[in-house]
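Given the structure is predicted, the values throughout are model-derived calculations rather than measurements.
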Amino acid sequence: MNPPRSLRLTLLTSLAVIAPLVPFVPLGQATASPSTVLTVTNPGFEQGATGWTFTSGTGVATNAPHNGSKLAYLDEGTAKKVSQTMTATGNGVVDLSAWVTTGGAGATFVAKVNGTVVGSLTLAGRSAYTRYTIPRVAVQNGDAVEISIVGGAGVSYVNVDDIEATTSVVPAVEITNPGFEQGATGWTFTSGTGVATNLPHGGSKLAYLDQTSAKKVTQTVTATGAGTFDFSTWAATGGTGGKFLVRVNGTVAGSVDLPSRSSYSRHTVSRVTVKNGDQVQVGFEGGTSWVNVDDLSVSPSAPVDPVVSSSDPKIVAMFDWAKRKANSFVQLPGAIGPINVDEGHLSGTGTAPYGPSYWAGYANRSGYYTRDMAHQVGGASVLGLNAENKAMLRTHAASATAEHKYYPVWAFNFDNQNYLATDYSSANFFVREVPATFEVVEKANAAYRWSGDSAYINDPVLWDYYKHATKEFIELHDGRKPNGVAEGEGTHIFAGAASYKEDGDLHVIEAGDGIAAQYQAFRAMSDLAASKGDTTLSNTYRQKADDLKAYFNNTWAGSGNGADMIRAYTKEGAPVTGWGKEMSWIMLQKEITSPGARSDAYLDYVDTESQGSGRSRNIEAYTYLPDTFFTYDRNDTAWKWMQYVYDQRDVQHVNSSQGPNGDYPEVSYTLVSQTVEGLMGVQPNAPANALTTLSRLPSGMGWLQVQDIKVGGNTFTLRHDGATSSKLTNSSGSASYTWEARFAGTRSSITVNGVAQPVQTKTVNGKTYTYATVTVAPGQTATATVS
């Protein structure tokens with residue numbers, strides 16, 4: 001082992017350290033569903049003791065169940081036990097889960113088959129319900145399967161509810177021991193390599209390779225299904241020359257040269273295609289100095305793989321990096337991974353099967369956050385991650401209960417069920433911020449426009465959320481300054497903050513980003529209602545949006561310009577002006593500021609302050625700036641900030657556990673969306689088989705093309721030549737689409753495929769556009785040109 005490793009590496013934490021490697025699953029394989037071979041009787045104890053066996057000191061109670069009206073409890077003591085024995089009615093593999101809350105650590109959740117223990121979990125001490133899962137229990141017809149909760153010494157109580165047996169999603173290929181926590185198990189090591197304990201990426205162990213390319217660490221597995229996958233690892237090195245490789249049947253399918261970087265960063269081999277029976281090898285080769293590796297994971301490759309070409313090589317490189325990086329953060333449904341991992345709890349509180357999801361937040365935590373997820377929906381849509389978007393949005397929506405005062409829970413684990421513990425203590429004490437409530441509505445509408453999935457208007461969980469967020473939530477949080485604007489508590493984020501700006505402004509009760517997000521939620525609700533066929537409701541919310549915007553500009557924001565514009569109000573009702581970071585730029589991004597001289601001056605102010613002494617320290621803050629400036633067709637400024645974010649990708653994030661800036665997921669996802677929705681100006685409307693485009697190419701970028709933009713069931717290629725010519729090809733899919741080809745300004749002429757069209761103009765957000773409306777059938781190409 002090379003001594004400099006212990007001197008030069010920084011301890012970073014990560015989900016993957018204690019997780020099994022996210023395994024292969026054939027594309028399209030379903031997630032877990034209720035088991036057909038094993039059924040739990042009375043799983044929620046709503047029928048009292050029916051089906052269950054209780055020892056002394058246990059029973060059924062009605063205090064604080066997870067769901068319904070009852071739960072089972074165990075008093076303190078190792079002899080306390082609640083159990084049920086079931087008979088398997090067929091052959092299969094099942095996951096056994098229970099929701100548990102405990103007064104101390106040490107109780108156990110146990111599964112036995114025919115009297116033999118096949119799985120056991122030690123339950124963490126946690127007052128909030130946590131879902132524990134014993135995965136992949138194999139049963140045969142007639143087997144006696146016992147599940148039990150057993151008390152522990154010093155555990156003052158155990159409450160258990162909602163026991164489930166679900167069909168496992170069994171991986172087609174699974175790599176053993178991805179974080180090296182079981183030492184050498186599953187891996188082959190050459191001389192000069194091994195497993196060490198000095199400063200791993202997370203957990204307690206890592207693999208190391210001493211100097212020279214002859215050093216190798218490998219593992220080979222057999223694929224039992226087909227698919228295309230991305231392989232990722234965390235690595236730190238003392239020099240160049242190290243490699244991360246994936247081979248299929250002995251042939252290199254992809255490799256990454258590991259850079260010289262003494263702190264950990266994430267590296268990915270993208271889009272490796274495998275077939276049933278293929279021999280898949282993941283491996284590492286040494287370089288000019290030591291190499292440390294840890295925490296492999298596998299993601300299903302994104303369903304859509306857009307390709308950018310341009311006269312500007314930087315946007316080509318930027319987009320290629322961003323799409324590959326973004327995809328590496330996707331979780332694989334059915335993978336068994338830890339929950340409640342954070343920098344203070346490296347082992348989390350248990351494991352659970354993951355659902356459709358992607359990382360949206362710090363990479364050293366095992367979940368996704370409302371704010372990050374909302375900002376990543378666009379990029380995820382471009383990559384075709386529609387299942388992930390819907391699952392995550394629905395998960396947040398389902399958590400916005402009356403008990404939570406219609407706030408969505410701030411952060412979830414990748415199982416789409418457990419609240420992320422570091423941000424949730426109880427129904428009265430969890431992180432929540434006003435803008436997020438409204439952004440879930442806005443982004444659900446955006447995801448609907450990309451995917452065309454009718455669940456966004458027909459799923460009662462989502463629809464109820466939209467209604468509560470835009471009505472009851474506002475009514476419940478409009479007490480200190482009664483004006484129809486949702487308020488925060490004005491104290492701290494665990495009580496409900498008015499703004500996304502958490503540093504120094506938690507005392508405000510109304511904030512610019514909150515009211516702006518509310519405005520966009522009203523607009524989204526109007527659009528969703530229209531798609532649902534409810535014209536009256538649609539008109540009502542359009543009027544609400546118009547009224548709120550008028551109130552903001554005429555009263556709420558005052559009459560000052562730049563630094564003198566009001567961007568918040570305190571608990572005492574005093575206006576707050578000056579630089580507000582999120583409070584400032586999100587007001588512009590969400591178009592609540594009326595177009596004109598005042599908004600123009602505020603855009604200048606935001607651009608200046610974002611480069612000044614009060615600038616943000618976090619790279620994720622800057623990911624909003626391109627969106628803001630594209631909204632006002634300030635293309636050069638938007639492109640400037642895109643380049644800034646991209647150029648900072650290798651700089652260490654201010655949170656050292658996070659790794660470099662480029663490993664913060666929001667960076668890559670927003671660069672993807674800012675290319676397609678920003679530079680290319682794509683506005684999808686899949687439910688109507690329509691899309692709108694607008695060239696926002698900056699000065700010096702002669703042309704830009706994106707191939708494979710998927711809107712609904714069709715895929716398109718779009719090219720802009722400067723600001724005067726756009727070409728759209730309906731590349732695949734069965735539907736004809738209506739294309740609105742927009743061009744900035746009032747133009748004297750417009751042609752489609754060389755044929756002159758009547759000049760039409762419209763004004764959107766204070767800007768005038770010339771446009772043509774074209775029907776583009778499958779396989780056809782149309783070119784619109786203005787002069």
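The OH atom of Tyr465 lies 7.5 Å from the OG atom of Ser399; values are rounded to the nearest 0.5 Å. Atom CG in Leu199 sits 9.0 Å away from atom CG in Asn292 (nearest 0.5 Å). To the nearest 0.5 Å, atom CG of residue Leu548 and atom CD1 of residue Ile592 are 4.5 Å apart. Rounded to the nearest 0.5 Å, atoms CD (Glu487) and CD1 (Ile509) are 4.0 Å apart. Put simply, OH on Tyr369 and CG on Leu420 are 4.5 Å apart, with the number rounded to the nearest 0.5 Å. Taken from NZ in Lys323 to OH in Tyr669, the straight-line distance is 14.0 Å, to the nearest 0.5 Å.
Using a 3.5 Å distance cut-off with no hydrogens or angles, the side chains of Ser381 and Asn389 do pair a donor with an acceptor. A side-chain N or O of Ser366 and one of Asn413 form a donor-acceptor pair less than 3.5 Å apart. No donor-acceptor contact under 3.5 angstrom links the side chains of Tyr624 and Ser616, judged on distance only. Side-chain contact of Tyr368 with Glu388: a donor-acceptor pair under 3.5 Å is absent, judged by distance alone.
Within 6.0 Å of NZ in Lys481 there are more than 12 heavy atoms belonging to other residues, nucleotides or ligands. More than 12 heavy atoms of other residues, nucleotides or ligands lie within 6.0 Å of NZ in Lys549, so this atom counts as buried by the packing criterion.
For the pair Phe329 and Ser299, the minimum side-chain heavy-atom distance is 4.5 Å or more. For the pair Leu679 and Pro698, the minimum side-chain heavy-atom distance is below 4.5 Å. Contact of the Pro435 side chain with the Ile586 side chain is not registered, since no non-hydrogen atoms from C-beta on lie closer than 4.5 Å. Within the 4.5 Å cutoff, the side chain of Ile339 has heavy atoms near those of the Thr349 side chain. Contact check for Val434 versus Ile515: no side-chain heavy atoms found under the 4.5 Å cut-off. Side-chain contact check for Thr623 versus Val667: some heavy-atom pair is nearer than 4.5 Å. The shortest distance between side-chain heavy atoms of Met701 and Ser310 falls below 4.5 Å. In this structure the side chain of Tyr354 reaches within 4.5 angstrom of the side chain of Pro338, judged on heavy atoms.
Judged as a salt bridge (charged side-chain N to carboxylate O under 4.0 Å, His left out), not a single pair has a partner in residues 490-500 (not counting sequence neighbours). Applying the ring-ring contact (aromatic ring centres under 6.0 Å, His included) rule to pairs touching residues 429-448 yields His404-Phe430, Tyr424-Phe430, Phe429-His492, Phe429-Phe494, Phe438-Phe473, sequence neighbours excluded. Sorted by first and then second residue, the pairs that involve residues 644-653 and meet salt bridge (charged side-chain N to carboxylate O under 4.0 Å, His left out), not counting sequence neighbours, are Lys314-Asp647. Judged as a salt bridge (charged side-chain N to carboxylate O under 4.0 Å, His left out), the pairs with a partner in residues 366-378 (not counting sequence neighbours) are, in order, Arg371-Glu582.
Every residue meeting the side-chain contact (heavy atoms from CB on, under 4.5 Å) condition with Ser451, not counting sequence neighbours, appears here in chain and number order: Asn386, Asp453, Tyr456. Among residues two or more places apart in sequence or in another chain, the side-chain contact (heavy atoms from CB on, under 4.5 Å) test is passed with Ser673 by Thr670, Glu677. With sequence neighbours left out, the side chain to side chain donor-acceptor pair (under 3.5 Å) criterion links Tyr406 to no other residue. In terms of the side chain to side chain donor-acceptor pair (under 3.5 Å) criterion, Asn661 has no residue partners (sequence neighbours excluded). Every side chain to side chain donor-acceptor pair (under 3.5 Å) that His720 has, sequence neighbours left out, goes to Ser726. In this structure Asp564 satisfies the side-chain contact (heavy atoms from CB on, under 4.5 Å) test with no other residue, sequence neighbours excluded. Checked against side-chain contact (heavy atoms from CB on, under 4.5 Å), Ala563 has the following partners two or more places apart in sequence or in another chain: Tyr605. Partners of Glu510 under the side chain to side chain donor-acceptor pair (under 3.5 Å) rule, at least two apart in sequence or in another chain, are Asn483, Trp556.
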After noting the C-alpha distance and the side-chain angles of Tyr362 and Glu343, does the key distance pass the side chain to side chain contact (heavy atoms under 4.5 Å, CB included) rule?
CA-CA 10 Å; Tyr362 289 134; Glu343 51 272 28; 5.6 Å; no

Run the side chain to side chain contact (heavy atoms under 4.5 Å, CB included) test on Glu439 and His375 for me, step by step, so that the C-alpha distance in whole Å, both residues' side-chain angles and the decisive distance to 0.1 Å come before the verdict.
CA-CA 9 Å; Glu439 283 216 286; His375 203 198; 6.0 Å; no

Take Asp505 and Ser499, measure what side chain to side chain contact (heavy atoms under 4.5 Å, CB included) needs, and give me the verdict at the end.
CA-CA 8 Å; Asp505 270 304; Ser499 172; 5.9 Å; no

Walk me through whether Arg324 and Thr268 qualify under side chain to side chain contact (heavy atoms under 4.5 Å, CB included).
CA-CA 8 Å; Arg324 294 177 185 277; Thr268 300; 5.9 Å; no

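Residues Tyr632 and Asn765 share a closest heavy-atom pair of CE2-ND2, 3.6 Å. Minimum heavy-atom separation, Ala391 to Pro356: CB-O, 3.6 Å. Of all non-hydrogen atoms in Ala444 and Tyr466, the two that sit nearest each other are CB-OH, 3.5 Å. In terms of heavy atoms, Pro408 sits closest to Thr437 at CD-OG1, 3.3 Å.
Put simply, the side chain of Arg696 gets close to the backbone of Gly678: a donor and an acceptor are under 3.5 Å apart. A side-chain donor-acceptor contact under 3.5 Å links Asp478 to the backbone of Gly484. Counting only distance, with no hydrogens or angles, the side chain of Asn327 and the backbone of Ala302 share a donor-acceptor pair below 3.5 Å.
A salt bridge is absent between Asp527 and Arg523; no separation between the charged side-chain nitrogens and carboxylate oxygens falls under 4.0 Å. Salt bridge annotation for Arg567-Asp513: absent, with no cationic side-chain nitrogen under 4.0 angstrom from a carboxylate oxygen. Salt-bridge annotation for Arg480 and Glu572: absent, with no side-chain N of the basic residue lying under 4.0 Å from a carboxylate O of the acidic one. Glu489 has no carboxylate O lying under 4.0 Å from a charged side-chain N of Arg432, or vice versa, which leaves the two without a salt bridge. Ion pairing between a basic and an acidic side chain is recognised when a charged N comes within 4.0 Å of a carboxylate O; Asp503 and Lys501 show such pairing.
In summary, the aromatic rings of His396 and Phe412 are positioned with their centroids under 6.0 Å apart. For an aromatic pair to be called close, the ring centres must be under 6.0 Å apart, and Tyr519 with Phe552 fails this. A distance below 6.0 Å separates the ring centres of Trp359 and Phe414.
Applying side chain to side chain donor-acceptor pair (under 3.5 Å) to His653 and the options Glu620, Gln658, Gln648 leaves one that passes, Glu620.
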